[in-house]
Number of protein chains: 2
Amino acid sequence: MIERYVLRYFLAVVDQGNFTRAAAQCRISQPTLSVGIAKLEASLGQTLFLRNNRRIELTPSGTRFAVHARRIEAEFAAAERDLQDTAPTKLVRIGVATTLPPSWIAAALGRARRASTIERLEVVEGRSSELVALLDRGRGST
Amino acid sequence: MIERYVLRYFLAVVDQGNFTRAAAQCRISQPTLSVGIAKLEASLGQTLFLRNNRRIELTPSGTRFAVHARRIEAEFAAAERDLQDTAPTKLVRIGVATTLPPSWIAAALGRARRASTIERLEVVEGRSSELVALLDRGRGST
DNA sequence: CTGGCTTACGGACTTCGTAAACATC
DNA sequence: GATGTTTACGAAGTCCGTAAGCCAG
């Protein structure tokens with residue numbers, strides 16, 4: 001199965017025109033990149049580069065594959081950008097003492113949800129001592 | 001960096017509606033899938049699923065991410081299909097004796113290239129004895 | 001001899017599975 | 001108690017770098 005990292009190796013070679021500079025771009029050693037490309041070619045059953053000359057050349061298959069590879073990389077980038085734009089999920093875990101009237105809790109939660117940007121809310125019921133114990137065990141909010 | 005395999009885990013959960021069936025679809029154990037999703041959420045800084053109820057639900061972020069994920073998976077599939085359609089690369093490595101006139105060789109190669117579907121051709125020059133030695137060392141064509 | 005790709009081999013990281021804990025119904 | 005997710009930890013796989021080999025100009 002083709003994984004994303006070899007795809008980045010492949011595109012680096014296309015961009016740089018040789019394996020050595022491509023490896024530098026990817027911040028890996030040149031032999032590592034070499035075996036990565038070999039893996040990719042093996043799993044596709046296709047030679048992607050002609051290494052005959054000083055300059056690396058794309059085969060016809062390689063040229064077609066490059067189109068897909070660019071689209072995939074672009075979509076990965078778009079996905080990360082898209083979710084980066086929104087603030088990270090705010091997880092709030094609230095301990096509520098069972099001694100409090102449930103109606104109070106419901107009302108307070110309703111107000112809080114409308115007023116803030118909390119996406120995920122967990123409510124833990126229990127007596128004060130139990131809630132403190134939970135916090136100590138690292139199940140508190142961050 | 002998000003790798004493809006977690007993306008497959010993610011889409012399996014979206015499709016199946018729970019982690020257990022998703023793991024079965026991916027042919028992995030359920031805990032393995034669980035940590036995979038956790039990794040994905042951590043690297044995105046976003047919660048993708050609401051696990052509150054019996055049924056898994058997508059968060060708003062998760063829904064948007066699913067769009068990208070589907071596109072990426074589709075493009076991977078397209079790439080593999082695209083290159084699968086053409087026959088695997090035929091690599092032919094030919095040993096040519098230096099005693100033959102170069103014009104013969106050029107003419108023969110030209111005819112061969114037009115007549116066949118060879119994509120990659122390597123020519124090795126040398127005397128007969130040297131060529132046999134190369135073949136013995138496993139550098140012959142398959 | 002230089003520049004560049006490939007092969008060989010260990011080390012390190014991480015994916016994976018089993019087992020157990022935790023949670024909800 | 002049944003169903004389903006998370007955590008813990010050891011085993012297996014694989015990505016990676018160093019070193020050496022191979023090839024062309």
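Residue numbers start from 1 in every chain, and the chains themselves are labelled A, B, ... in the order their sequence lines are given, proteins ahead of strands.
If you take CZ of A:Arg8 and C1' of D:dC15, they are 12 Å apart, rounded to a whole angstrom. Rounded to an integer number of Å, the gap from CD of A:Glu3 to P of D:dG13 is 17 Å. When the C1' atom of C:dC5 is taken as reference, atom CZ of A:Arg55 falls 15 Å away, rounded to whole Å. Note: CD (A:Gln30) to C1' (C:dT6) measures 8 Å, nearest angstrom. Computed from coordinates, the A:Leu33 CG to D:dC16 P distance equals 10 Å when rounded to whole Å. Nucleotide D:dC15 holds its C1' atom 14 Å from the CD1 atom of A:Ile37, rounded to whole Å. For the pair A:Asn52 CG and D:dC22 C1', the computed distance is 15 Å after rounding to whole Å. Rounding to whole angstrom units, CD of residue A:Glu41 and C1' of C:dT7 are separated by 15 Å.
Distances from the side chain of B:Ser29 to the nucleotides C:dT7, D:dG25, C:dT18 place C:dT18 closest. When the nucleotides C:dT6, C:dG17, D:dT6 are ranked by their closest atom to the side chain of B:Ile28, C:dG17 comes out on top. Checking C:dT15, C:dC5, D:dT6 against every side-chain atom of B:Tyr9, the shortest atom distance belongs to C:dT15.
Within a heavy-atom distance below 4.0 Å of DNA chain C, no residue of residues 13-24 of chain B is found.
Each end of the helix from C:dC1-D:dG25 to C:dC25-D:dG1 gets its own rotation axis from five pairs of C1' atoms, and the angle between them is 30° to the nearest 10 degrees.
A donor-acceptor pair is defined here as one N or O able to donate and one able to accept, closer than 3.5 Å; such a pair exists between the side chain of B:Glu3 and the backbone of A:Tyr5. Checked by atom type and distance alone, the side chain of B:Ser61 never pairs as donor or acceptor with a backbone atom of B:Leu48 at under 3.5 Å.
With respect to the salt-bridge test (charged N to carboxylate O, under 4.0 angstrom), the residues A:Arg51 and A:Glu41 qualify.
Note on B:Thr32: a side-chain N or O is less than 4.0 Å away from OP1 or OP2 of C:dG17. The phosphate of C:dT15 (OP1 or OP2) has a side-chain N or O of B:Lys39 nearer than 4.0 angstrom. Residue A:Tyr5 places no side-chain N or O under 4.0 Å from the OP1 or OP2 atom of C:dT14. Remark: B:Arg51 is in phosphate contact with D:dT6, judged by side-chain N or O atoms under 4.0 Å from OP1 or OP2.
The CZ atom of B:Arg8 sits 5.5 Å away from the CZ atom of B:Arg4 when rounded to the nearest 0.5 Å. Here the CZ atom belonging to B:Phe49 is positioned 4.5 Å from the CZ atom belonging to B:Phe10, to the nearest 0.5 angstrom. Atoms CD and OG1, on B:Gln46 and B:Thr59 in that order, are 7.0 Å from each other to the nearest 0.5 Å. Rounded to the nearest 0.5 angstrom, A:Arg70 CZ and A:Phe65 CZ are separated by 11.5 Å.
Remark: B:Ser43 engages no residue in a side chain to side chain donor-acceptor pair (under 3.5 Å) (not counting sequence neighbours).
Side-chain contact between B:Leu40 and B:Leu44: present, with at least one pair of heavy atoms (C-beta onward) separated by less than 4.5 Å.
A:Ile56 and A:Val35 fall into different hydrophobic clusters, where Ile, Leu, Val, Met, Phe, Trp and Tyr side chains are chained together by heavy-atom contacts under 4.5 Å.
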